[in-house]
Amino acid sequence: MILASILLGPGSELTVADAMRSVLDHVDGFVLIESGGGLAALEVANQVCEAASKMSAPRAYTWTGDYGAARNFALNTARDLGADYALTL
């Protein structure tokens, strides 16, 4: 069983790092969907995953005003990583 954590939305680098670290010991990988153009948050996600030897799929996503579409994009990304389950933060 592979569990991926999904984090959606615009977030600061500190918020992203704290959220990821809060579940680090409980998941196999992370999917960060950054919809606010914060490339620094994507870099932080890569750093956290590399340091913990976790699979990672940070992706930029153009916000369309549709949360469901963003969530489905994240779930599809988690599935592409091989995740059986997704924990949304």
Between [X] and [Y], what is the shortest heavy-atom contact and its length?
X     : Y     : value
Ala41 : Glu34 : CB-OE1, 3.5 Å
Trp63 : Ala70 : CZ3-CB, 3.9 Å
Ala78 : Ala4  : CB-CB, 4.2 Å
Ile2  : Gly82 : CD1-O, 3.5 Å

message: So Leu87 and Ile6, do their side chains get closer than 4.5 Å, heavy atoms only?
response: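 No, side chains not in contact.
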task: Please tell me if the side chains of Leu7 and Val31 come closer than 4.5 Å, counting only heavy atoms from C-beta onward.
output: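 Answer no - side chains too far apart.
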- request: Taking side-chain hydrogen bond (donor to acceptor under 3.5 Å, both in side chains) as the test, write out the residues that go with Asn72, two or more places apart.
  value: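 Applying side-chain hydrogen bond (donor to acceptor under 3.5 Å, both in side chains) to Asn72 gives none.
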Listed partners of Arg71 passing side-chain hydrogen bond (donor to acceptor under 3.5 Å, both in side chains), at least two apart: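 For Arg71 there are no side-chain hydrogen bond (donor to acceptor under 3.5 Å, both in side chains) partners, ignoring immediate neighbours.
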Any chance you could measure [X], atom [atom1], to [Y], atom [atom2], to the nearest 0.5 Å?
X     : Y     : atom1 : atom2 : answer
Ser35 : Arg59 : OG    : CZ    : 15.0 Å
Phe73 : Asp66 : CZ    : CG    : 13.5 Å
Glu13 : Gln47 : CD    : CD    : 10.0 Å
Thr77 : Leu32 : OG1   : CG    : 10.5 Å

- prompt: What do the steps show when you test Arg79 against Asp84 for side-chain contact (heavy atoms from CB on, under 4.5 Å), and what is the final call?
  reply: CA-CA 7 Å; Arg79 186 178 316 126; Asp84 300 303; over 6 Å; no
List the atom pairs, with distances to 0.1 Å, where a side-chain N or O of residues 18-30 and a protein N or O form a donor-acceptor pair under 3.5 Å, not counting sequence neighbours.
residue, atom, partner, partner atom, Å
Ser22, OG, Ala19, O, 2.6
Asp28, OD2, Leu3, N, 2.7

- prompt: Only one of Leu8, Leu42, Leu75 forms a side chain to side chain contact (heavy atoms under 4.5 Å, CB included) with Ile33, so which one is it?
  reply: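 Testing each of Leu8, Leu42, Leu75 against Ile33, the sole residue satisfying side chain to side chain contact (heavy atoms under 4.5 Å, CB included) is Leu8.
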